[in-house]
> 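Okay, handing you the structure first.
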Amino acid sequence: MRRGLDRAVVGRVVAGVEVAHVRAVRRHLLGVRDFETALPGRRVLAACRRGKYLWLPLDDDRALVAHLGMSGQLLMVPAEMPLQAHLRVRTRFAGGGSELRFVDQRTFGGLFLDDLVPDRAPVGPAGNHDPVLGGIPAVLSHIARDPCDPAFPDEAFRLALRLRRTGIKRALLDQSLISGVGNIYADEALWRARLHYARPTETLTRRDVEAVLAGVRSVFAQALAAGGTSFDSLYVSTEGVSGLFDRSLAVYARAGQPCLRCGTAVLRDPFMNRSSFTCPRCQPRPRRARW
DNA sequence: AGACCAACCTGCTGGC
DNA sequence: TGCCAGCAGGTTGGTC
C-alpha cells in the first residue's frame, strides 16, 4: 500500500478533503473541520511506513497519518466511481485524475494530521540507512522499528525480551518492541522458528531469538512479494487487488489440517480474544507457559 | 513500569 | 428461514 501511494500521490497537491464519517478522523485534536481545511494546498512529499502505520509527509512539517485497523483500505479510484458503502474520507488532488479514498467497514482505523519530529527509535549496529523523510509523526514515537528496517536493533530486542515477563507471541504483538507483526504473521513466524506462542520470553536463547527474527523477516518478505494476505475483499492494494499470501500460510486458519513439515494436525487455541494456531509437534507447549 | 483487559465497530458464518 | 452467539487481520486507555 505504501508503494501504491508512492506511485500515485507523491508530488501531488491536495485540492480538497471530504470527511464522510467523523469517527474516521481520530486523534486529531483540532477536530474534523480543521482536518478538512488544513490539507488543501499541501504537497505530498513522500509515502512512509513504520509497522502498521502509514504516513504522507507534507510541505508544512506535518504528515497525513493513516492506520488501517482491521478493515481499512486506501484506494486510488476515478472521481466518478460510485461511493463505497463504508467510504470515510475522500481526498482530491490538483489537476484531477484519481482520488484517494479511505474506506473502512469497522472504523477501527483512521486518519489524522500530526507534527513530524526527530526519529528517536533505537538503532542497531547497522546504523540508520533508511532515515524517514522529515522525521516521524509525533504520536508514533512509541512504535519500534520494523524488523525489515536495516536499523532494527536485534540485540536490544533480545535484551528487552529477557527483561519481559510474558509469552513470546504477546511480545511479538507489542508494537513498542517490534512493529508490523500482527496475529497472522506472529503465528507464521513462530511456526517457522518452531516455538510455541506461550514460551516465556526470558527463557529464549540467543539462537531462539535469531530464529524468531528470521521467521518474521522471511514471512514479511514472502507476504509482501505476494501482495499481502487477503481472506476477503477487504484486504486490497491501492488498486483494489487482493494479496495471495493466504495460499502460503503454514498454520494460520488451518486448524485440523496437516502441518506442512510433519503432517500433525494443526491446533487452534483461544488467545487474547482471538486465536493462535500451532503445530503441537513442531511447537510443543512449554511446561512453564506464559500467555 | 509492566501486564492485561475492555472498548471501539460492522458483517459474516454456523448452530439450533 | 430466522435468530443469535461467536469470530474477524488492531490499538488505546484504563486498572491493577
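Labels below follow one simple rule: chain letters A, B, ... track the order of the sequence lines, proteins then strands, and each chain is numbered from 1.
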> Using the P atom in both, what is the distance from B:dA1 to C:dT11, to the nearest Å?
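Their P atoms lie roughly 22 Å apart.
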
> Measure the distance from CG on A:Leu177 to C1' on B:dA3 and round it to the nearest whole Å.
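Interatomic distance, CG of A:Leu177 to C1' of B:dA3: 12 Å.
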
> For the pair made of CG in A:Asp174 and P in C:dG10, what is the distance, rounded to whole Å?
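Answer to the nearest Å: 13 Å.
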
> Which is true for A:Asn273 with a 4.0 Å heavy-atom rule: it touches a base, it touches only sugar-phosphate, or it touches nothing?
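Sugar-phosphate, backbone atoms only, no base.
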
> Considering every strand and a 4.0 Å limit on heavy-atom distances, what is the contact class for A:Phe231: base, sugar-phosphate, or nothing?
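If one applies the 4.0 Å heavy-atom cut-off, A:Phe231 turns out to touch a base.
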
> Keeping A:Asp187 on the side-chain end and A:Phe277 on the backbone end, is there a donor-acceptor pair under 3.5 Å?
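Confirmed, A:Asp187 side chain pairs with A:Phe277 backbone.
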
> I'd like to know if A:Asp119 and A:Arg145 make a salt bridge, using a cut-off of under 4.0 Å between side-chain N and carboxylate O.
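Yes, charged N to carboxylate O under 4.0 Å.
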
> Are A:Gln84 and A:Leu75 close enough that some pair of their side-chain heavy atoms sits under 4.5 Å apart?
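Answer yes - side chains close enough.
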
> Look at all strands and tell whether A:Tyr53 reaches a base, only sugar-phosphate, or nothing, counting heavy atoms closer than 4.0 Å.
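The answer is sugar-phosphate, as A:Tyr53 gets under 4.0 Å only of primed atoms, P, OP1 or OP2.
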
> If a pair means Watson-Crick or G-U wobble with both distances below 3.5 Å, what does DNA chain C look like in dot-bracket form, with | marking bases paired to a different strand?
.|||||||.|||||||

> Is it the case that the side chain of A:Asp208 and the backbone of A:Thr205 share a donor-acceptor pair, with hydrogens and angles ignored and the cut-off at 3.5 Å?
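Such a contact is found between A:Asp208 side chain and A:Thr205 backbone.
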
> Tell me what A:His142 touches on the nucleic acid: a base, only sugar-phosphate, or nothing, going by heavy atoms under 4.0 Å.
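Contact class for A:His142: sugar-phosphate only.
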
